[in-house]
Amino acid sequence: MLHVNFDLENEEIHERKKKYLTAKYGQHQMSLIKKRLRVEMWMYDQLQILFDIPDDSSSYEVEIDLDELLDIEAEPARRDWLRKKLVGVKQSEEAVERFITELLQRATTL
């Protein structure tokens with residue numbers, strides 16, 4: 001007499017679905033990812049200072065997409081785009097210009 005246990009079969013399928021794939025990157029690709037992450041984390045910290053956002057707050061006044069910034073070809077156009085994004089900062093105009101200059105320098109390394 002044959003016996004089929006469907007519950008066991010469902011458990012096996014469920015166990016297979018729990019497995020995760022982990023992407024492995026080459027050393028060069030990983031270096032590029034880390035460099036990009038350093039720029040993004042620096043930008044995150046600087047935006048918190050510019051907008052005077054407390055450390056315990058997760059709200060943001062602005063979002064700057066590095067890819068969108070890098071898609072703009074001319075530096076003056078990039079500066080204008082960033083100035084529009086930074087309307088309402090709590091810091092001085094000099095602080096904003098320092099941020100823009102340093103961000104553009106860091107972005108060119110990506």
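All values derive from a computational prediction rather than experimental measurement. The residues of the chain are indexed from 1 along the displayed sequence.
Heavy atoms only, all atoms of each residue included: L66 and L110 are closest at CD1-CD1, 4.1 Å. Residues R83 and I100 come closest through the heavy atom pair CG-CD1, 3.7 Å. The minimum heavy-atom distance between A107 and L69, with the atom names listed, is CB-CD2, 4.4 Å. Contact between Q91 and I49 at its shortest, heavy atoms only, is NE2-O, 3.2 Å. What you find for I72 and R78 is that their closest heavy atoms are O-NE, 2.6 Å.
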Check your understanding: Step by step, would you call D67 with R36 a side chain to side chain contact (heavy atoms under 4.5 Å, CB included)?
Key -> CA-CA 11 Å; D67 290 324; R36 168 92 180 214; 3.0 Å; yes
**Study point:** Pair R98-E94, salt bridge (Lys or Arg N to Asp or Glu O under 4.0 Å): steps then yes or no
**Key:** CA-CA 6 Å; R98 275 194 307 272; E94 293 88 22; over 6 Å; no
Exercise for review: Would you check, one step at a time, whether the test side chain to side chain contact (heavy atoms under 4.5 Å, CB included) holds for L50 with K90?
Suggested key: CA-CA 6 Å; L50 285 173; K90 309 277 195 259; over 6 Å; no
Point to revise | Intermediate values then yes/no, side chain to side chain contact (heavy atoms under 4.5 Å, CB included), L86 and F99 | key: CA-CA 10 Å; L86 296 171; F99 168 75; 3.7 Å; yes
Exercise for review: Take D65 and K85 through the salt bridge (Lys or Arg N to Asp or Glu O under 4.0 Å) test and state the conclusion after the steps.
Suggested key: CA-CA 10 Å; D65 184 351; K85 292 283 189 177; over 6 Å; no
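With values rounded to the nearest 0.5 angstrom, H28 atom NE2 is found 10.5 Å from I33 atom CD1. Note that the CD atom of Q46 and the CD1 atom of I64 stand 11.0 Å from one another [nearest 0.5 Å]. In this structure, L47 CG and L103 CG are separated by 8.0 Å, a value rounded to the nearest 0.5 Å. To the nearest 0.5 angstrom, L37 atom CG is 8.5 Å from M30 atom CE.
Residues W42 and L82 are members of one and the same hydrophobic cluster, defined by side-chain heavy-atom contacts under 4.5 angstrom among Ile, Leu, Val, Met, Phe, Trp and Tyr. Cluster annotation: V39 is not connected to L32 through the hydrophobic network of ILVMFWY side chains, with a link wherever side-chain heavy atoms come within less than 4.5 Å.
Here R106 pairs with E102 in a salt bridge; the nearest charged N to carboxylate O distance falls below 4.0 Å. Of the charged side-chain nitrogens involved, at least one lies within less than 4.0 Å of a carboxylate oxygen, so that E97 and R79 count as a salt-bridged pair.
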